[in-house]
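Keep in mind that this is a model prediction, so the values were computed, not measured. The figures here come from the full heavy-atom set of this structure, side chains too, leaving out hydrogens, waters and symmetry mates.
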Amino acid sequence: MPRIEKSIAINAPAEKVFEVLQQAESFAQFLPHAKNVQVLERTENSVLLDWEVIAPGVGMPVRWKSRHTIDPANHTVTMQPEGDALVKLRGDWRVTPADTGSQLIATLDYEANVPPMFAGMAQNAINTIIQDWLNGFKQRAEG
């Protein structure tokens, strides 16, 4: 499974950024490419989400479900795919304190069930989505 490791500096305290990572009900309002994100189930430390994302460069909607486990002590949200989907993301979003605020780090493995001739296009789309999501979390936390 290919891995994406990206991070972004955010001019906001780690607690604020971690709070934004948990605002699943409003992800579609501030995460680029997220057309619809619906909470299917919520427990004390996890949430099951149904995602609909428009793949950049393709314009095609892609849907998947993922369970996000929340670890407040480590400021981490871990994603695990649930069910079958064209795209599966697994890994974590971690917030660490930094000199000027905090750092948001995404370490995600992904599986794109596409024919080999479209693998490069899928990889580019997923890279773009994750970078744009980091920017979306940054803007929301700093706003």
- Query: Under 4.5 Å between any side-chain heavy atoms of Glu52 and Val62, yes or no?
  - Reply: no
- Is the shortest heavy-atom distance from the side chain of Asp132 to the side chain of Ile130 under 4.5 Å? no
- Message: Check whether Asn113 reaches the backbone of Ala85 with its side chain - one donor and one acceptor, N or O, closer than 3.5 Å.
- Response: yes
- Note on the structure: Note: Ala12 and Ser102 closest approach over all heavy atoms is O-OG, 2.9 Å
- Charged N to carboxylate O under 4.0 angstrom, Glu25 versus Arg42? yes
- Between Glu142 and Ala9, the two heavy atoms sitting closest are OE2-O, 4.4 Å
- Query: Does the side chain of Gln80 come under 3.5 Å of the side chain of Arg67 through a donor N or O and an acceptor N or O?
  - Reply: no
- Item | Side-chain donor-acceptor pair present, Thr96, Gln103, cut-off under 3.5 Å | no
- Indicate yes or no for a side-chain donor-acceptor contact from Gln38 to the backbone of Asp50 under 3.5 Å, with no hydrogens or angles considered. no
- Query: Rounded to the nearest 0.5 Å, what separation is found between the CD atom of Gln29 and the CG atom of Leu31?
  - Reply: 10.0 Å
- Can you tell if the side chain of Ser66 reaches within under 4.5 Å of the side chain of Trp64, non-hydrogen atoms only? yes
- Any idea which heavy atoms bring Pro97 and Ala14 closest together, and the distance? N-CB, 4.3 Å
- Item | ring-ring contact (aromatic ring centres under 6.0 Å, His included): pairs with one or both residues in residues 7-29, sequence neighbours excluded | Phe18-His75, Phe27-Phe30, Phe27-Trp51, Phe27-Phe137
- Message: Looking at Ser46, is its backbone amide N or carbonyl O close enough to the side chain of Thr43 to form a donor-acceptor pair, meaning the two atoms are under 3.5 Å apart?
- Response: yes
- Item | ILVMFWY network linking Trp93 to Val39, side-chain heavy atoms under 4.5 angstrom | yes
- Message: Measuring only between side-chain heavy atoms, which start at C-beta, is Asn135 closer than 4.5 Å to Ile8?
- Response: yes
- Message: Between Pro56 and Ile129, is there a side-chain heavy-atom distance shorter than 4.5 Å?
- Response: yes
- If we only count heavy atoms from C-beta on, is the Leu49 to Leu40 side-chain gap below 4.5 Å? no
- Verify, without hydrogens or angle tests, whether Lys6 (side chain) and Ile105 (backbone) share a donor-acceptor contact under 3.5 angstrom. no
- With side chains defined as the heavy atoms from C-beta onward, is the minimum distance between Thr128 and His33 less than 4.5 Å? yes
- Message: Within the 3.5 Å criterion, strictly below it, is a donor on Asp71 or Asn74 matched to an acceptor on the partner's side chain?
- Response: yes
- If you count the non-hydrogen atoms of other residues, nucleotides and ligands that lie under 6.0 Å from CG in Asn45, is the total more than 12? yes
- Query: If we ignore angles and hydrogens, is there a donor and acceptor under 3.5 Å between the side chains of Gln23 and Arg140?
  - Reply: yes
- Query: Which heavy atom of Leu134 sits nearest a heavy atom of Ser7, and at what distance?
  - Reply: CD1-N, 4.0 Å
- Determine, stepwise, if the pair Val95 / Ile10 fulfils side-chain contact (heavy atoms from CB on, under 4.5 Å). CA-CA 10 Å; Val95 184; Ile10 300 177; over 6 Å; no
- Message: Could you check whether any side-chain heavy atom of Trp133 comes within less than 4.5 Å of a side-chain heavy atom of Val53, counting everything from C-beta outward?
- Response: yes
- Apply side-chain contact (heavy atoms from CB on, under 4.5 Å) to the pair Val77 and Asp92, showing each step before the final yes or no. CA-CA 6 Å; Val77 175; Asp92 59 50; over 6 Å; no
- Shared ILVMFWY cluster between Leu48 and Leu21, side chains joined below 4.5 angstrom? no
- Partners meeting ring-ring contact (aromatic ring centres under 6.0 Å, His included) with Tyr110 (sequence neighbours left out): none
- Contacts satisfying salt bridge (Lys or Arg N to Asp or Glu O under 4.0 Å) that involve residues 96-123 (not counting sequence neighbours) are Arg3-Asp109
- Message: Membership question, hydrophobic clusters at under 4.5 Å side-chain separation (ILVMFWY): are Ile54 and Val37 in the same one?
- Response: no
- Query: Can you tell me if Thr100 uses its side chain to pair, donor with acceptor, with the backbone of Asn11 under 3.5 Å?
  - Reply: no
- Output for pair (Gln22 CD, Ile70 CD1), nearest 0.5 Å, gives 4.5 Å
- Least distance between heavy atoms, Pro81 atom then Arg90 atom: CG-NH2, 3.2 Å
